[in-house]
Amino acid sequence: MLKLFKNKICLGCHQVDAKRVGPSFNMVREKYQQDSEMTADILATRIRSGGSGVWGALRMPPQPKVSQEEAFLMAQWILGKGE
Ligand code: HEC
């Protein structure tokens, strides 16, 4: 799975356990584990479309090279529901 993140250049801005440009994936997991409304589907869409304002002023650019299927796998992993 980390290979997919690396191939998709996510790791240029995110690390699993340390804040970089964007929040660490562990921080994202902690935040949304409290939030029963957050599903891997919603997070996958946010990964693809990018966003801002949730974690600070910096914006995450859209990721058009990531398919919905890949984004879903990554979202599941981040949320701790995948492999
Ligand atoms: C250019 C830097 C950059 C890249 C590349 C990047 N991100 Fe981000 N990401 C950010 C920033 C900055 C935020 C915080 C946005 C915010 O505050 O809403 C973020 C937020 C997130 C979030 C939390 C979204 C939310 O709504 O809480 C997830 C999940 C995420 N990124 C996953 C990924 C994945 C997976 C990839 C690779 C496909 C990726 N990011 C690539 C900068 C980046």
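Note that these values count all heavy atoms, side chains included, but never hydrogens, waters or copies made by symmetry. For the single chain, residues carry numbers from 1 onward in sequence order. In listed order, ligands and their atoms are each counted from 1.
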TODO: Sorted by first residue and then second, give each salt bridge (Lys or Arg N to Asp or Glu O under 4.0 Å) pair with at least one member in residues 49-66; sequence neighbours left out.
DONE: none
TODO: Identify, by atom number and element, the atoms of ligand 1 in contact range of V66, meaning under 4.0 Å from any of its heavy atoms.
DONE: 38 (C)
Open item on the list: Is there a side-chain contact between I78 and F5 in this structure, where contact means two heavy atoms from C-beta onward sitting under 4.5 Å apart?
Closed with: yes
TODO: Tell me which part of P61 gets within contact of ligand 1: side chain, backbone, both or neither, using heavy atoms under 4.0 Å.
DONE: side chain
Open item on the list: Please state which option from R20, M27, R46, K8 has its nearest heavy atom closest to atom 26 (O) of ligand 1.
Closed with: R46
Task: Atoms of ligand 1 close to F25 [distance to a heavy atom under 4.0 angstrom, numbered from 1] - done: 32 (C)
Open item on the list: Tell me the protein heavy atom at minimum distance from atom 23 (C) of ligand 1, and give that distance in Å.
Closed with: W55 NE1, 3.5 Å
Open item on the list: Return the closest protein heavy atom for atom 27 (O) of ligand 1 as residue, atom name and distance.
Closed with: Y32 OH, 2.4 Å
- [ ] Taking all heavy atoms of T45 and all of Q68, pick out the closest pair and write down the distance.
- [x] OG1-NE2, 3.6 Å
- [ ] Step by step, work out the side chain to side chain contact (heavy atoms under 4.5 Å, CB included) result for C10 and M74.
- [x] CA-CA 10 Å; C10 316; M74 292 190 267; 4.2 Å; yes
- [ ] With the side chain counted from C-beta on, respond yes when V16 and W77 share a heavy-atom pair under 4.5 Å apart, and no when they do not.
- [x] yes
TODO: Say whether K31, considering both its backbone and side-chain N or O atoms, lies within less than 3.5 Å of an N or O atom on ligand 1.
DONE: no
Open item on the list: Does any part of the side chain of V21, heavy atoms only, come nearer than 4.5 Å to the side chain of H14, both counted from C-beta?
Closed with: no
Task: For G51, atoms of ligand 1 separated by under 4.0 Å from a heavy atom - done: 15 (C), 18 (O)
Open item on the list: Grouping I, L, V, M, F, W and Y whenever their side-chain heavy atoms are under 4.5 Å apart, do L73 and L2 come out in a common cluster?
Closed with: yes
Task: Every N, O or S from the protein that is nearer than 2.8 Å to atom 8 (Fe) of ligand 1 - done: H14 NE2, M60 SD
Task: I9: numbered ligand 1 atoms lying under 4.0 Å from its heavy atoms - done: 5 (C)
Open item on the list: Under a 4.0 angstrom heavy-atom cut-off, which atoms of ligand 1 come close to R59?
Closed with: 12 (C)
Open item on the list: For a 4.5 angstrom cut-off between non-hydrogen side-chain atoms, does K8 reach Q63?
Closed with: no
- [ ] List in chain and number order the residues that pass side-chain contact (heavy atoms from CB on, under 4.5 Å) with M27, two or more places apart in sequence or in another chain; answer none if no residue qualifies.
- [x] K19, P23, S24, W55
Task: V54, any N or O under 3.5 Å of ligand 1 N or O - done: yes
Open item on the list: Show, in sequence, the C-alpha distance, side-chain angles and deciding distance for L43 and M38, and conclude whether the side chain to side chain contact (heavy atoms under 4.5 Å, CB included) test is met.
Closed with: CA-CA 7 Å; L43 195 61; M38 179 52 75; 3.9 Å; yes
Open item on the list: Out of all atoms in ligand 1, which are within 4.0 Å of some heavy atom of M74? Include the element for each.
Closed with: 35 (C)
TODO: State whether the shortest distance between N or O atoms of G56 and N or O atoms of ligand 1 falls below 3.5 angstrom.
DONE: yes
Task: Heavy-atom check, side chain of Y32 versus side chain of I42, under 4.5 Å - done: no
Open item on the list: According to salt bridge (Lys or Arg N to Asp or Glu O under 4.0 Å), does anything in residues 21-39 pair up with another residue at least two apart or in another chain? List the pairs.
Closed with: none
